[in-house]
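Note that the coordinates shown come from a computational prediction; the quantities given were computed from them, not determined experimentally.
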Amino acid sequence: MIDLKGKSAIVTGATRGIGLEIAKVLAENGAGVAILDIQLGDESSVKEVSALGVQCKGYACDVSNPETVEAVFKQVLADFGKIDILVNNAGITRDNLMIRMKQEDFDSVLNVNLRSAFICTKAIAQHFMRNRGGRIINMASINGIRTQAGQANYAASKAGIIGLTKSNAMELSARGITVNAIAPGFIKTAMTEKLPPEAIAKYKEAIPLKDLGNPRDVANAVAFLASDEAGYITGQVLGVDGGLGA
Ligand code: NAP
């Protein structure tokens, strides 16, 4: 049984979509949650998670900016005392055919999806090493394993996340820290709502389980990887994709 009571987590990109669901599922299992997002808006995500009876606080943080991350993580540690789980979830898409893709759209996707995971991991690593434990869960994508036209930036960022996960797992395992990635397939969020209905129908047909996933499917996998039960799992990529990546 997953029990995260007494633990605290940082979840990036957590005001909506998969990140918010991760924050909620971690909270349902007893963990306190620091919600980091580029904009906190009306803090409804913080209210929703706090209502689950755990410590929850929101922090405006551009996770691709190392100075901001350094300052915010310092504040989070002061507020929570100890952090046990880091979920590098924030991500964006700027799809276009490579030939038409603007350099800034390539760079921003790499910055938010990949560079941020390096920055946030570095910002928490010493804390985890001192505590001789910690869980890092990086959000990859099926597109980092097998991809499609129009996603040179996104596919490169998510393939990069998988490499980063494996290398960091090797470096941090001696201190009892595990580093794993989750590779969702097509999940019902604002990111996939942008797709035309014909494309959604085509994906449903191709997915062995014949439907898109829900944010909760991904969040449940995160909660497992964050738990004591997953203590002997590191450097892995867990597909949550209805069988699409099989
Ligand atoms: P989403 O609904 O667009 O949520 C992403 C969140 O990240 C948003 O709140 C966004 O804020 C925030 N964010 C963007 N840039 C940021 C930055 N620089 N610093 C901090 N926060 C930032 O996306 P999602 O669908 O939940 O996806 C979450 C993760 O799962 C992403 O890494 C994505 O690549 C991955 N994924 C999703 C799917 C899917 O089917 N949805 C499939 C595979 C993988 P703004 O709204 O202000 O931009």
Side-chain angles (χ1 to χ4, degrees), residues 11-25 35-45 48 60-64 87-117 137-162 181-222 237-245:
V11 186
T12 72
T15 59
R16 63 187 175 99
I18 293 171
L20 175 56
E21 203 62 26
I22 292 169
K24 282 160 61 182
V25 171
I35 288 183
L36 270 59
D37 210 302
I38 195 150
Q39 297 176 84
L40 287 177
D42 60 2
E43 299 221 9
S44 59
S45 53
E48 232 180 294
C61 180
D62 175 356
V63 287
S64 65
V87 186
N88 287 312
N89 166 76
I92 58 170
T93 52
R94 298 285 182 272
D95 293 357
N96 212 336
L97 292 175
M98 186 271 291
I99 208 92
R100 291 193 203 131
M101 189 176 284
K102 291 189 190 124
Q103 187 62 47
E104 69 204 58
D105 286 340
F106 186 85
D107 294 344
S108 60
V109 169
L110 268 287
N111 278 339
V112 177
N113 295 9
L114 175 59
R115 192 168 176 263
S116 67
I137 298 141
N138 295 324
M139 205 50 71
S141 166
I142 192 168
N143 285 300
I145 302 165
R146 42 171 277 196
T147 190
Q148 54 202 348
Q151 293 206 304
N153 49 4
Y154 189 76
S157 73
K158 295 302 186 179
I161 277 284
I162 292 171
I182 291 180
F186 292 95
I187 309 296
K188 292 167 199 159
T189 66
M191 198 176 259
T192 43
E193 263 167 28
K194 291 185 224 159
L195 295 167
E198 317 81 74
I200 302 228
K202 212 175 94 200
Y203 290 132
K204 276 191 185 171
E205 193 41 45
I207 295 166
L209 287 175
K210 300 290 173 215
D211 200 1
L212 272 63
N214 290 301
R216 187 145 284 241
D217 297 317
V218 180
N220 286 336
V222 171
V237 183
L238 176 56
V240 180
D241 58 13
L244 193 57

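- A salt bridge is defined here as a Lys NZ or Arg NE, NH1 or NH2 lying under 4.0 Å from an Asp or Glu carboxylate O, and Glu21 with Lys24 meets this definition.
- Side-chain atoms of Arg115 come within 3.5 Å of backbone N or O of Ser64 as a donor-acceptor pair.
- Here the side chain of Asn220 pairs a donor or acceptor atom with the backbone of Arg216 at under 3.5 angstrom.
- The two residues Ala152 and Phe106 have their closest heavy-atom pair at O-CE1, 4.1 Å.
- In this structure, the side chain of Asn96 does not engage the main chain of Gly150 through any donor-acceptor pair within 3.5 Å.
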Note to self: Applying side chain to side chain donor-acceptor pair (under 3.5 Å) to Lys158 and Thr147, what does each step give before you reach the verdict?
What the structure shows: CA-CA 10 Å; Lys158 295 302 186 179; Thr147 190; over 6 Å; no
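- At least one side-chain heavy atom of Asn153 sits under 4.5 Å from a side-chain heavy atom of Arg94.
- In this structure, Met139 and Ile22 have side chains that are in contact, with non-hydrogen atoms separated by less than 4.5 Å.
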Notebook entry, point to check: Does the pair Ile187 and Asn214 meet the rule for a side-chain contact (heavy atoms from CB on, under 4.5 Å), with working shown?
Noted result: CA-CA 5 Å; Ile187 309 296; Asn214 290 301; 5.6 Å; no
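- Scanning both residues, Leu238 and Ala221, for their nearest heavy atoms gives CD2-CB, 3.9 Å.
- Side-chain contact between Ile182 and Ile137 is present, with at least one heavy-atom pair separated by less than 4.5 Å.
- Panel note: side chain Asn113, backbone Ile92; a donor-acceptor pair is recorded below 3.5 Å.
- The two residues Ile38 and Ala60 have their closest heavy-atom pair at O-CB, 4.3 Å.
- No donor-acceptor distance shorter than 3.5 angstrom exists from the side chain of Asn138 to the backbone of Ile161, with no hydrogens or angles considered.
- No side-chain heavy atom of Met101 sits under 4.5 Å from any side-chain heavy atom of Val109.
- Here the side chain of Ser141 pairs a donor or acceptor atom with the backbone of Asn143 at under 3.5 angstrom.
- Formation of a donor-acceptor pair under 3.5 Å by the Thr12 side chain with backbone atoms of Ala90 is found in this model.
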Check: Taking it one step at a time, do Thr15 and Gln39 satisfy side-chain contact (heavy atoms from CB on, under 4.5 Å)?
Finding: CA-CA 8 Å; Thr15 59; Gln39 297 176 84; over 6 Å; no
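- Judged by distance alone, the side chains of Asp42 and Ser44 do bring a donor and an acceptor atom under 3.5 Å apart.
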Check: So Phe186 and Leu244, side-chain contact (heavy atoms from CB on, under 4.5 Å) or not? Walk me through it.
Finding: CA-CA 9 Å; Phe186 292 95; Leu244 193 57; 3.7 Å; yes
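- Pairing each heavy atom of Gly13 with each of Asn89, the nearest pair is O-ND2, 3.1 Å.
- In this structure, CD on Gln148 lies 10.0 Å from OH on Tyr154, to the nearest 0.5 angstrom.
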Next item on the list: List the steps, then state whether side-chain contact (heavy atoms from CB on, under 4.5 Å) holds for Ile35 with Val11.
Entry: CA-CA 5 Å; Ile35 288 183; Val11 186; 5.8 Å; no
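- Closest approach of Thr192 and Ile200 over heavy atoms only: O-CD1, 3.7 Å.
- In plain terms, the two heavy atoms of Gly17 and Pro215 that are nearest each other are O-CB, 4.3 Å.
- Side-chain atoms of Lys210 come within 3.5 Å of backbone atoms of Glu205 as a donor-acceptor pair (strictly under, hydrogens ignored).
- In this structure, CG on Asp217 lies 8.5 Å from NZ on Lys188, to the nearest 0.5 angstrom.
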